[in-house]
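Pasting a structure below so you can have a look.
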2 protein chains.
Amino acid sequence: MNSNKKKRLEQAGWVTGSAADFLGLDDEESRFIEMKLALAAGVRELRVKRGLTQTALATRLKSSQSRVAKMEAGDRSVSLDLLVRSLLSVGASSAEIAKWIKRADAARAA
Amino acid sequence: MNSNKKKRLEQAGWVTGSAADFLGLDDEESRFIEMKLALAAGVRELRVKRGLTQTALATRLKSSQSRVAKMEAGDRSVSLDLLVRSLLSVGASSAEIAKWIKRADAARAA
DNA sequence: GAAATCTATGTCGATTATGACATATTCGGA
DNA sequence: TCCGAATATGTCATAATCGACATAGATTTC
């Protein structure tokens with residue numbers, strides 16, 4: 001396939017590469033999940049470090065203890081939004097959040 | 001207020017500090033929003049760099065052009081989840097995502 | 001080892017984000 | 001300027017996530 005055609009197809013939204021590109025979708029999904037798990041671990045780590053219970057954090061977030069528990073457990077039903085809000089709520093800096101995100105890749109390499 | 005009582009109240013979820021602590025919620029919200037805007041800018045930057053149209057990216061995401069447009073416009077209705085999935089989809093590394101998140105703080109400082 | 005506190009898990013109605021679609025607007029090349 | 005492609009904006013039904021609640025299990029404290 002020539003480069004122009006490839007580019008045109010890609011602009012139309014088609015994946016034109018190898019099987020690895022198809023698997024790429026799964027790979028992206030897996031990276032996304034690892035990222036969420038890393039942030040979930042971060043929430044627990046910082047919450048405990050701050051001496052807060054799940055209930056206390058939940059109140060700060062105007063959420064509930066069960067949601068915090070699910071969050072820390074990496075439950076599928078928990079959004080990235082809530083994870084990041086939680087990290088900000090327990091005092092994480094952007095740099096710390098960034099660090100956990102990078103850590104997600106390390107987990108994948110293992 | 002003595003330290004023990006303060007700690008007990010905090011574990012129950014009460015904010016015991018100054019007005020700044022109350023404002024802290026707004027501050028966290030503002031940091032969160034800045035973060036989303038920074039990632040939105042990242043999506044556009046990488047998408048254009050890859051020579052993809054909004055429609056092409058939408059197809060990769062199994063989403064729609066209008067949602068990509070809203071995403072890049074920083075629309076309130078767009079989740080962090082979709083932003084991050086988009087960044088992964090246009091080939092952003094975790095390190096790059098982390099960089100944009102840190103950049104959000106710089107925007108706030110300005 | 002009982003009581004009290006904390007955490008995990010399941011469920012549910014309400015809320016919010018979603019893709020899809022229609023359509024308006026902007027932009028770039030002939 | 002005109003035309004087609006790209007992008008922006010509004011709406012909607014559906015799907016995903018939400019807080020709340022009940023309750024089980026784990027952990028700590030006395």
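Letters A, B, ... are given to chains in the order of the sequence lines, protein chains preceding strands, and every chain is numbered from 1. This structure is a prediction, so every number in the text was calculated from the model and none was measured.
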### Summary
Nearest heavy-atom contact between Met35(A) and Ile101(A) is CE-CG2, 3.9 Å
### Message
Need one value for Ser79(B): base, sugar-phosphate or nothing, where a base atom within 4.0 Å counts as base even if backbone is also close, heavy atoms only.
### Response
sugar-phosphate
### Message
Exactly one of Ile97(A), Leu83(A), Leu61(A) should register a side chain to side chain contact (heavy atoms under 4.5 Å, CB included) with Leu88(A). Which one does?
### Response
Ile97(A)
### Gln65(B) or Leu82(B), whichever maps to the more 5' nucleotide of DNA chain C
Leu82(B)
### Task
Write down the distance between CZ (Phe32(A)) and C1' (dA16(D)), rounded to a whole number of angstrom.
12 Å
### Distance below 4.0 Å between Ser77(B) side-chain N/O and dA17(C) OP1 or OP2
no
### Task
Between Asp81(B) and Glu72(A), just flag the one whose closest nucleotide in DNA chain C comes earlier from the 5' side.
Glu72(A)
### Message
Whole angstroms only, please: what is the CG-P distance between Leu61(A) and dA20(D)?
### Response
11 Å
#### Entry: Whole angstrom value for the distance that separates P of dT18(C) from CG of Leu80(B)
10 Å
### Task
I would like to know whether Arg47(A) and Gln54(A) meet side-chain contact (heavy atoms from CB on, under 4.5 Å); could you show each step before the answer?
CA-CA 8 Å; Arg47(A) 174 181 65 79; Gln54(A) 291 183 343; 3.6 Å; yes
### Summary
Of all heavy-atom pairs linking Lys36(A) and Arg76(A), the shortest is NZ-O, 4.2 Å
## Note on the structure
Whole-Å distance, Asp75(B) CG to dG10(D) P, equals 9 Å
### Query
Within the modelled atom types, does a donor on one side and an acceptor on the other bring the side chain of Ser64(A) and the base of dC21(D) under 3.5 Å apart?
no
### Message
How close do Val43(A) and Met71(A) get, counting heavy atoms only, and between which atoms?
### Response
CG1-CE, 4.2 Å
### Query
How do Val48(B) and Arg85(B) order along DNA chain D: which one's closest nucleotide is nearer the 5' end?
Val48(B)
### Task
Provide the closest heavy-atom pair for Arg50(B) versus Val90(B) in the form atom of the first, atom of the second, distance.
NE-O, 2.8 Å
### Residue pair Ala38(A) / Trp100(A): nearest heavy atoms and the distance that separates them
CB-O, 3.4 Å
### Task
In whole angstrom, give the distance that lies between atom CE of Met71(B) and atom C1' of dG19(C).
12 Å
### Task
Ignoring the backbone of Thr53(B), work out which of dA8(C), dT7(D), dA22(C) is nearest its side chain.
dT7(D)
### Task
Can you tell me the distance, in whole Å, between the NZ atom of Lys36(A) and the P atom of dA16(D)?
12 Å
### Query
Given axes from five pairs at either end, by how many degrees does the helix from dG1(C)-dC30(D) to dA30(C)-dT1(D) bend, rounded to 10°?
60°
### Task
Could you state the atom-to-atom distance from CG of Leu57(B) to P of dA5(D) in whole Å?
20 Å
### Message
Side chain of Gln54(B), heavy atoms from C-beta onward: which of dT9(C), dG19(C), dT7(D) has the nearest atom to it?
### Response
dT7(D)
### Task
For dA8(D), take OP1 and OP2 only and decide whether either is under 4.0 Å from a side-chain N or O of Arg44(B).
yes
### Query
Is there a donor on the side chain of Lys70(A) or the base of dG19(D) sitting less than 3.5 Å from an acceptor on the other?
no
### Query
Would you say Phe32(B) and Val78(A) are hydrophobically clustered, going by side-chain heavy atoms of ILVMFWY under 4.5 Å?
yes
### Message
Less than 4.0 angstrom between a side-chain N/O of Arg47(B) and OP1 or OP2 of dT7(D), yes or no?
### Response
yes
### Query
Counting side-chain heavy atoms from C-beta on, which of dT9(C), dG19(C), dT7(C) comes nearest to Arg67(B)?
dG19(C)
### Task
Just call it for Val78(B): base, sugar-phosphate, or nothing, with non-hydrogen atoms closer than 4.0 Å on any strand.
sugar-phosphate
